[in-house]
Structures are given as C-alpha cells and as structure tokens.
Amino acid sequence: MMIPEQRAATGFGRRAVLRGAVIGALAAAPIPFAHRLTGSAKVPAQVAAPAAACVELPLVGGAEFPIGLYWPPPPFQTTIARYDAIRAAGFNFLITGNYLDDQAIIRHTLAIAEQVGLKVLVSSDPDVQNMARRFTISDDRSVPMSITTADARTLLTNALNQYRGFESFAGFSLGDEPPEGQFPSLGKAFAIAREQAPSYTPYSNLVPGTGDGYRAMVRRFVDTCRPPMLSYDRYPLLTSGEDPNYFENWAIIRSEALRANIPSWVFVQSVEYNGHRFPTRDELLWNINTSLAYGCKGIQYFTYWQPDPARGENFGRALTTLDGTHTPLYDAAKAINASWLRPVGAELKPLVSELAVHANHTPPPGTVGFTPDTYLSGTSGSPAVLGRFRPTDAARTRWLLIANRQYGASGTTTVSLNQATVTKVSVFDPATRTYTAQADKTKIVATLAPGAAALYRLDA
C-alpha cells in the first residue's frame, strides 16, 4: 500500500530508482529455489520486545553511536583512499548500493571496509534479495513466485557463508521501503535471519508518512517483522521550504519504537534531487539535532555519493559529486560527526526518550507543545525542540537536549527548572565528553547557533 501523502510530499520514488541496478542484477541472476508460477509525547505502553536479544548486535548494541551512509562509492571507486575518506568524515558504517550488487564486489567492499574500520550492512546480495524481496516465502506450493521456508533458509545461509569471515560484516538489509503487502513474507525473512545469523543485524527501512493509516502500517511492520531497530526516511528540506509533515512523521516513529522497546533510526537529507534543495551545514545540523531530540539512536545520510542523474529523480550534489569530488557538505558532515554527533550520540544511545515537545512556538501538526512537569516548570525565548531522556533503571537523573527549532537564525531559549526536583544542572562538553555544573540551578539559558543544540544533565 502506498500512502498518497508519501508520494506527493517526499519524493517517494527516489529510493526505488536507486534500487534499479539491484533489480537488474537480480533479473539476470540464477534463481535456483524459485517456485515458478504454478502523537502522544509521553512514553507509550510497551509490547514484548526483542531489545534484550539485540543488545550485542552490530551497530544496534555497543557504546558507539551508529553514523551511516547509503549510496557509497561505485565499484571502481571502492578503494582504501575512498573508504579512508568515509571513515575520516566520522562514519562508522555503510549500506551497500551504487552497483555493489554481486557477491564478488561485496566481498571486495567488505575487505576494504575492514582495513579502515568500517562496518557494512549488505543490501544488494542477490540471494538475500531473492529470499526477502523478489519472492514470497510460503510452503503453500500454489502461491505464485514463491519459495519454501527451507529454500529461504538455504539462500540466507549461502549469502552468510560469503561474508561471515569479514569483521566488517554487520548484517543484511532485508528490504528498503517494503510495501505493506510484503510484511508477512518479510516477517518470515526476519525470523530466518534471526535463526540462521543470530550474531548479525537484520535491517529494513520504512517509507515516510503521516496519519492513522501510516501509524497502523508502522505498527504492523514492527509486530510482524520484529526488527532490532525502526528505521525510516523523510527529507524535509524542500525547494519550496520546509516539509510541514516532518515532525508528525517523527512523532509516529518515536511512539512506535518506544512501544516496541527498540531504537529508532533515520535518514537525514544530504543530497539534492527533485523538489529537494542542497542542504547547508546549518540545515544538516538541524536535521540531525531535531532527530536526536525525538529520540533517534542512529543517523544515516542519504546520500554520500551523488547518484547518476541519468537514473532519474534529477539527483545533484551530495557529500561528493558524481566524480568523487568532496562538496562543502562533506566538510560540514565531517565536522558535525566528529565534534558533535559522535560524542553526544554516545551519551544518548543508552537512554530512553521520555519527552519530545515543542517550546515557544505553535507545535507542528501531530506533535505536542510544552507543558510544565516534575522537572521543567516553564520555557521562554526562541523556539526550540526539547528532548528529555531517562536511564533504563529507576534513577531520577534526566538528560535534556535543547535543539534550536530554526536553521536560519540563532536563538536563546530559557528553560525554567522545578526546584522541588532538580538539585544540580550540568552542561555537556562534547570536546572533552565531560559535564560541568552550572552555578544557577533554577534555569537553563541556551544560546544556540542555527540548527545547533546543547545537552544538559539534571540531577534530582
């Protein structure tokens, strides 16, 4: 099912265009196992979750905040120098694409990534694509274009045997923007991946959307597939302005991830294409920080390498141009990832999003405005997005991220603290990864550059 709002407001088709090379490769690949045509901002109630089983999975587990990219360099640019540049820009993983479509070039990619210390989610292995996307997993032999459960296990195992020897191998992407009709079969693919490859991360990324129908779709995906994280994409920097549904989409994803007790990941916009402008440094930072305020536990860039404009969607500059020249956004991403996202993300990764509200401005559709509570008694000044986080135990310490709502102007936001609860306020210094106590325990005054944010610890 495709929600009309997704196509009209978000340029839905651009990822399908990029999958064209994979589909072409699959069409040419042998298919030995195919059956041939016979809103609330408060934490919601949780469901039974796979969180405990996922704590040691690559990227999802561990202390390092995942910072990834899609559309890496093409095969002839898959070199130590190119991957050194990716690592130097603060990325710690990539998702294969851009013609890295057969097992030989994927193994080469894993070998290069291993030498520079990058992890790889393999999205373009032909056996996995056949297992998870191209065919329906069913033991009912009357189902057209189907493979049996046993055949699906064999395909997954064949692919796993190609890559399990590489330290850089993190897991498989089982589907990008899967249609809802595929969820039952995709759920079986996830179950097989958990069974056959329990030490690796199974991954799938969802389409954007808003409204009750979209929320129901996200919930069905989570409950059917039981993914270790909930990932989606939405690119809010339009040539006509800002996507008005950006925050409502985040509110739905946040709520459903909390319900399932799994982390949420997002793709941020780092490319220009039809209806979407080339981000500035401040806009990229804003996209990242508003996502962190909504509880994001993994940031992925779309894209790193400029897709060939001939593929459709009129793709322009990304972090690199088509010939591999770094754009100003590469330098911006490098600075943001190293000096801000990596240290702040590591602080937030083990915490639980408790509150995501809009202060000092009218909340966007589908979101929640600030109201006083046990920790925060009031706000004033410039518009901001407030994200508050709690530890997983019963400790009363809280963390507060104040993100500038504006990417075109600096601002000063004041947050008054409830003195009956908060006894100490400390601000995080990402350069030293330490907290420094403030003299004033009654309020926080955050003066923020365009798109910037600041992190505080509230002892209670």
Side-chain angles (χ1 to χ4, degrees), residues 3-15 39 41 206-211 214 232-254 264-296 299-303 313-319 328-329 332-333 336 340-341 356-370 379 381-387 401-413 446 448-453:
I3 300 168
E5 178 271 333
Q6 296 167 353
R7 179 183 294 276
T10 65
F12 171 76
R14 84 280 168 278
R15 294 179 76 88
L206 289 185
V207 296
T210 56
Y214 179 77
Y232 84 110
D233 56 74
R234 189 175 198 117
Y235 306 113
L237 302 167
L238 311 179
T239 52
S240 58
E242 180 185 309
D243 180 351
N245 298 312
Y246 166 66
F247 285 105
E248 180 180 357
N249 202 157
W250 242 128
I252 292 171
I253 293 294
R254 172 183 176 271
S264 55
W265 288 14
V266 73
F267 278 92
V268 296
Q269 182 178 337
S270 58
V271 67
E272 58 185 340
Y273 66 101
N274 281 351
H276 293 74
R277 65 183 183 267
F278 188 56
T280 66
R281 175 198 177 278
D282 294 342
E283 289 169 341
L284 176 63
L285 183 60
W286 172 86
N287 201 172
I288 288 170
N289 281 330
T290 52
S291 298
L292 293 178
Y294 267 82
C296 182
I299 293 288
Q300 305 158 97
Y301 284 66
F302 181 82
T303 62
E313 292 272 2
N314 203 24
F315 283 105
R317 296 163 293 171
L319 269 63
L329 201 59
I336 292 168
W340 174 252
L341 182 54
V357 297
H358 293 254
N360 308 327
H361 65 284
T362 301
T367 69
V368 176
F370 171 82
T379 69
S382 301
V385 184
L386 308 182
L401 186 79
I402 303 177
N404 189 347
R405 173 63 180 85
Q406 308 167 112
Y407 46 72
S410 298
T412 298
T413 299
L448 301 170

Heavy-atom closest contact (Ile299 atom, Ser291 atom, distance)
CD1-CB, 4.1 Å
I need the Leu206 CG to Phe267 CZ distance, nearest 0.5 Å.
11.0 Å
With side chains defined as the heavy atoms from C-beta onward, is the minimum distance between Asp233 and Val266 less than 4.5 Å?
no
Distance (rounded to the nearest 0.5 Å) between Leu319 CG and Thr303 OG1:
7.5 Å
Check Leu401 against Ala453 and note the closest heavy-atom contact, atom names and distance.
CD1-CB, 4.1 Å
Measuring from His276:NE2 to Thr239:OG1, what's the distance to the nearest 0.5 Å?
8.0 Å
Heavy-atom side-chain contact between Asn404 and Trp286 under 4.5 Å
no
Begin from the C-alpha positions of Tyr246 and Asn287 and carry the test side chain to side chain donor-acceptor pair (under 3.5 Å) through to its verdict.
CA-CA 10 Å; Tyr246 166 66; Asn287 201 172; 3.2 Å; yes
With sequence neighbours left out, what residues match Arg281 under salt bridge (Lys or Arg N to Asp or Glu O under 4.0 Å)?
none
As an exercise, state the distance from CG of Asn360 to CG of Leu386, rounded to the nearest 0.5 Å.
8.0 Å
Look at the side chain of Asp282 and the backbone N and O of Gly451, then say whether any donor-acceptor pair between them is shorter than 3.5 Å.
no
Check: Thr367 and Val385 side chains under 4.5 Å, non-hydrogen atoms:
no
Are side-chain heavy atoms of Gln269 and Pro236 found at a separation under 4.5 Å?
yes
May I ask you to decide if the ring planes of Tyr294 and Phe247 are parallel, tilted or perpendicular, using 30° and 60° as cut-offs?
tilted
Indicate yes or no: at least one non-hydrogen side-chain atom of Leu329 is less than 4.5 angstrom from one of Arg317.
no
To the nearest 0.5 Å, tell me how far Ile288 CD1 sits from Ser270 OG.
9.0 Å
Would you say that Asn249 contacts Tyr214 through its side chain, given a criterion of any heavy-atom pair below 4.5 Å between the two side chains?
yes
Do Arg234 and Thr210 touch side chain to side chain, with heavy atoms closer than 4.5 Å?
yes
Would you confirm whether Asn314, through its side chain, and Asn274, through its main-chain N or O, come within 3.5 Å as a donor-acceptor pair?
no
Can you check whether Tyr235 reaches Leu237 side chain to side chain, under 4.5 Å on heavy atoms?
no
What are the two closest non-hydrogen atoms of Pro383 and Thr413, and how far apart are they?
O-OG1, 4.2 Å
Looking at Arg277 and Gly241, would you say the former's side chain and the latter's main chain have a donor-acceptor pair under 3.5 Å?
yes
So among His358, Glu248, Glu242, which one has a side-chain contact (heavy atoms from CB on, under 4.5 Å) with Pro364?
His358
